[in-house]
Number of protein chains: 4
Amino acid sequence: MSKKQDIMTATLDLIHEEGLQSVTFAKLFKRANVGSGTIYNYFANKEDLVNEVYKESRNQMGEYLLQGYDAEASLYERFKCLQMNRLRFGMHFPKRFLFIDSYSFSPYIARELRSAEDSYNSSQVVQDLIIEGQRQGVIKEMDSHLCHQLVHGIISSILKGYYVEKYPLNELQIQQIIEASWKAILV
Amino acid sequence: MSKKQDIMTATLDLIHEEGLQSVTFAKLFKRANVGSGTIYNYFANKEDLVNEVYKESRNQMGEYLLQGYDAEASLYERFKCLQMNRLRFGMHFPKRFLFIDSYSFSPYIARELRSAEDSYNSSQVVQDLIIEGQRQGVIKEMDSHLCHQLVHGIISSILKGYYVEKYPLNELQIQQIIEASWKAILV
Amino acid sequence: MSKKQDIMTATLDLIHEEGLQSVTFAKLFKRANVGSGTIYNYFANKEDLVNEVYKESRNQMGEYLLQGYDAEASLYERFKCLQMNRLRFGMHFPKRFLFIDSYSFSPYIARELRSAEDSYNSSQVVQDLIIEGQRQGVIKEMDSHLCHQLVHGIISSILKGYYVEKYPLNELQIQQIIEASWKAILV
Amino acid sequence: MSKKQDIMTATLDLIHEEGLQSVTFAKLFKRANVGSGTIYNYFANKEDLVNEVYKESRNQMGEYLLQGYDAEASLYERFKCLQMNRLRFGMHFPKRFLFIDSYSFSPYIARELRSAEDSYNSSQVVQDLIIEGQRQGVIKEMDSHLCHQLVHGIISSILKGYYVEKYPLNELQIQQIIEASWKAILV
DNA sequence: TATGAATGAGTCTTCATTCAT
DNA sequence: CATGAATGAAGACTCATTCAT
């Protein structure tokens, strides 16, 4: 298990540092400290390896997104929890977040993986929350997918600016962002 | 001039269709209908070519963003114009928009190009508008770069969902999006 | 002993199905149901393994060729027996026959094995028969090796056509072939 | 045209010297004095290259076999011409002959090439000759494909012995072989 | 003995780049 | 300017072989 994980970790690191296109096997072997043939004991080829890393990342994020989620809490509390989790995940796991964000629309990732739910159904939870809010007359009536995309997009975009150090993200900013994304979709 | 433009157009097309990593010169020559050596009359190498296409795209977008911009109009009118322009640009030029969006944080594009202003200073216009709004007490006090990123991010994200046909974008949706992005940053 | 034989059988099968050049150890282990290291308990390397299979095949054919050979029988009877045995061996053991035929002149098989007699000296028996026939004035005077090669060659060639189902080989055809090969070398 | 021919010649040489399985591109480039990528300007891959060489060899042999063939000559004269040509071709072009002989039943050569006629239809000429002889009551009644295979096989086999210097082949031996192959199929 | 994960030299192949025309 | 045949460094991938268990 260790070798396999070494390889996947090295892959993610290299993608983050130089981009997927310049992840060569030579760099990978050196970084992961394995022999060049070892990868093929675990992955069919390079594409398979990258897709495995993608799947793992999606699942990890999916789990993280639902941390501390209380289905009984108020609508806003739940919304806040989901947005905070997303933001915090991005802040703590920049490599994974950027990888997911960059390649979710890339032809390199198998179509079935891109559209696939993670195993935690975090996406469905967000979707349900929006629809519930609309029924209550709290959230503005609009296509729920569009609304979903909108609140996600705010976090993604903010994170990308954060990564290149356009601004800091401490508690104050985080509160402002959550609030802004909430106001954006209110009636 | 024609050959050069042929090459750049083919480059953008191929990046859109298959992703930067699988754009080979062989495909490029075939698509652009030029000989394999011709490229080196115009570009130093592949990276240079891609960066030229990036620069061209940024300038084209920068110009588009300021279309019909009236510096004398009301704050909201100006905000709306900028957001509409961005959204419309993305809808009319999906290849260029996606290319810019995907590679603005990629190591493949030279750092100085990524942070560079386009020749129309559209970025500065947005920045100024935010600061003006904050001075007037209309726009919430927060880091102006963060605020800028936030309103941009909403548009980018919405467009990506649109490209994969998650939802339609007609006048109703467009109004909702502009409104949402405005409400997000109000005090 | 079983494991060793499993490996050798699998080797012959694979050579027959895909040709020597595409017999990889990976395929071999799977087919023979042994671990990848097991082979090295019995064979020094791949070449050694193939040469062992060659040697085994030669011996098996050598034994078969002399089945029912009666040194006291008439010249023609003995000739017929040898030719029939060769033909029947080829019909019953196509894998072994083809392997021997294909690699007897191949650089892959050690030179000393190619020219080596099998342990039954079947080759010498044929040779002696020819010389005896020439002394009796029945078989035409010619280089005995050439004559030997000639009668062998007829059988080999006929078998190859049979394998690709150019024609059937039942008793009638077999008689015709034996007869033809006999007439070919008569004075 | 020169580079392509250089590559094909080197390929045939290497196959002859070391066998198809050990023809590596590294050896090929060195021998043919071309850069490693050059092959791919002419051949899709290694298999394609080998098949091209096979096709060329078949055609060359096909042409050779009909040299001096006089359709008006006597049955025996025509038979003799065909057999002599085959034998002489093998003596003058051992590499081509052995390559054809070794790989005509190999899975490495495309099935359609193996069964394909050469462009000179030499195979058909032989076939027709046999049937004509049988109609005249000169050649023994038997499956014409079997008869064809038989007379071919004699030559092939004799040549293989010749290549490993089992015996010389000068005019005397040649006459004996032709005669033997003729007697083999007479009534 | 038997195993199979790990290895890395070696394989085929791709592709940006050069240069003579 | 425009071309494309030729190149070879670098890429992904294979596979016989080793060795700790």
Side-chain angles (χ1 to χ4, degrees), chain A residues 1-4 6-7 21-30 32-50, chain B residues 1-4 6-7 21-30 32-50, chain C residues 1-4 6-7 21-30 32-50, chain D residues 1-4 6-7 21-30 32-50:
Chain A
M1 199 56 183
S2 176
K3 291 271 174 193
K4 184 175 183 180
D6 287 353
I7 292 166
Q21 54 158 357
S22 72
V23 175
T24 66
F25 273 32
K27 290 174 189 168
L28 207 46
F29 303 144
K30 206 171 172 183
N33 263 316
V34 297
S36 68
T38 304
I39 275 190
Y40 294 94
N41 293 331
Y42 300 105
F43 306 97
N45 51 41
K46 191 179 169 182
E47 195 166 338
D48 183 39
L49 162 60
V50 172
Chain B
M1 195 55 179
S2 175
K3 291 271 176 193
K4 182 175 182 181
D6 286 352
I7 292 167
Q21 54 158 357
S22 74
V23 175
T24 67
F25 274 29
K27 290 175 187 168
L28 209 46
F29 302 143
K30 204 172 173 185
N33 266 317
V34 298
S36 66
T38 305
I39 219 178
Y40 293 95
N41 293 328
Y42 301 107
F43 307 96
N45 51 38
K46 191 180 172 184
E47 196 166 336
D48 183 39
L49 161 60
V50 173
Chain C
M1 196 57 180
S2 174
K3 290 271 174 192
K4 183 175 182 181
D6 286 353
I7 292 167
Q21 54 157 356
S22 75
V23 174
T24 65
F25 274 28
K27 289 175 189 169
L28 208 45
F29 303 142
K30 204 172 171 184
N33 265 316
V34 297
S36 67
T38 305
I39 220 177
Y40 293 95
N41 293 327
Y42 301 107
F43 307 98
N45 52 39
K46 191 180 172 182
E47 197 165 338
D48 183 39
L49 162 61
V50 172
Chain D
M1 197 54 180
S2 175
K3 290 271 174 192
K4 184 175 182 182
D6 286 353
I7 292 166
Q21 53 159 0
S22 72
V23 175
T24 66
F25 274 32
K27 290 174 188 168
L28 208 45
F29 302 144
K30 206 171 173 184
N33 265 316
V34 299
S36 67
T38 305
I39 275 191
Y40 293 94
N41 293 331
Y42 300 105
F43 307 97
N45 50 41
K46 191 179 169 182
E47 195 165 338
D48 183 40
L49 162 59
V50 172

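Within every chain, numbering begins at 1; the chains are lettered A, B, ... in the order of the sequence lines, protein sequences first and strands thereafter. Hydrogens, waters and symmetry mates are skipped; everything else that's a heavy atom, side chains included, is used.
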(message) Could you tell me how far apart C:D6 (CG) and E:dT3 (P) are, to the nearest whole angstrom?
(response) 10 Å

(request) Find the distance B:F43:CZ to E:dA16:P and express it as a whole number of Å. (result) 15 Å

(message) OP1 or OP2 of E:dA5 versus the side-chain N and O atoms of A:K4: is any pair under 4.0 Å?
(response) no

(request) With sequence neighbours excluded, tell me which residues meet side chain to side chain donor-acceptor pair (under 3.5 Å) with B:K30. (result) none

(request) Determine, for nucleotides 14-21 of chain F in 5'-to-3' order, which nucleotides have protein heavy atoms under 4.0 Å from the base (write B), from only the sugar-phosphate (write S), or from neither (write -). (result) BSSBB---

(request) Would you kindly give the CG-to-C1' distance between D:N41 and F:dG8, to the nearest whole Å? (result) 13 Å

(request) Output all residues satisfying ring pair (Phe, Tyr, Trp, His ring centres under 6.0 Å) with C:F25, sequence neighbours left out; order by chain, then residue number. (result) C:F29

(message) Taking Watson-Crick (N1-N3 plus N6-O4 or O6-N4) and G-U wobble (N1-O2, O6-N3), each under 3.5 Å, can you produce the dot-bracket string of DNA chain E? Use [ ] for crossing pairs and | for inter-strand ones.
(response) .||||||||||||||||||||

(message) Expressed as a whole number of angstroms, how long is the span from B:Q21:CD to E:dA16:C1'?
(response) 16 Å

(message) Rounded to whole Å, how long is the line connecting atom NZ of A:K30 with atom C1' of E:dG8?
(response) 15 Å

(message) Using OP1 and OP2 only, check whether a side-chain N or O of B:Y42 sits under 4.0 Å from F:dA2.
(response) yes

(request) Applying ring pair (Phe, Tyr, Trp, His ring centres under 6.0 Å), name anything that partners C:F43, two or more places apart in sequence or on another chain. (result) none

(request) Round to a whole Å and report the spacing from CD1 of D:I39 to P of E:dC15. (result) 17 Å

(request) Tell me, please, which residues at least two apart from B:V50 pass side-chain contact (heavy atoms from CB on, under 4.5 Å). (result) B:L20, B:F99, B:Y108, B:I109

(message) Using whole Å, what does the distance between atom P of nucleotide F:dG4 and atom CG of B:L28 come to?
(response) 15 Å

(request) Could you tell me which non-hydrogen atom of D:L49 sits nearest to which non-hydrogen atom of D:I39, and how far apart they are? (result) CD2-CD1, 4.1 Å

(request) Give, for atom OG of A:S36 and atom CG of A:L28, the distance between the pair rounded to the nearest 0.5 Å. (result) 11.0 Å

(request) Mind calculating the distance between CG (D:D48) and P (E:dC12) to the nearest angstrom? (result) 15 Å

(request) For B:K3 and B:Y42, indicate whether the former's side chain and the latter's backbone hold a donor-acceptor pair under 3.5 Å. (result) no

(request) Ignoring backbone atoms, establish whether B:K27 has a side-chain N or O less than 4.0 Å from OP1 or OP2 of E:dC15. (result) no

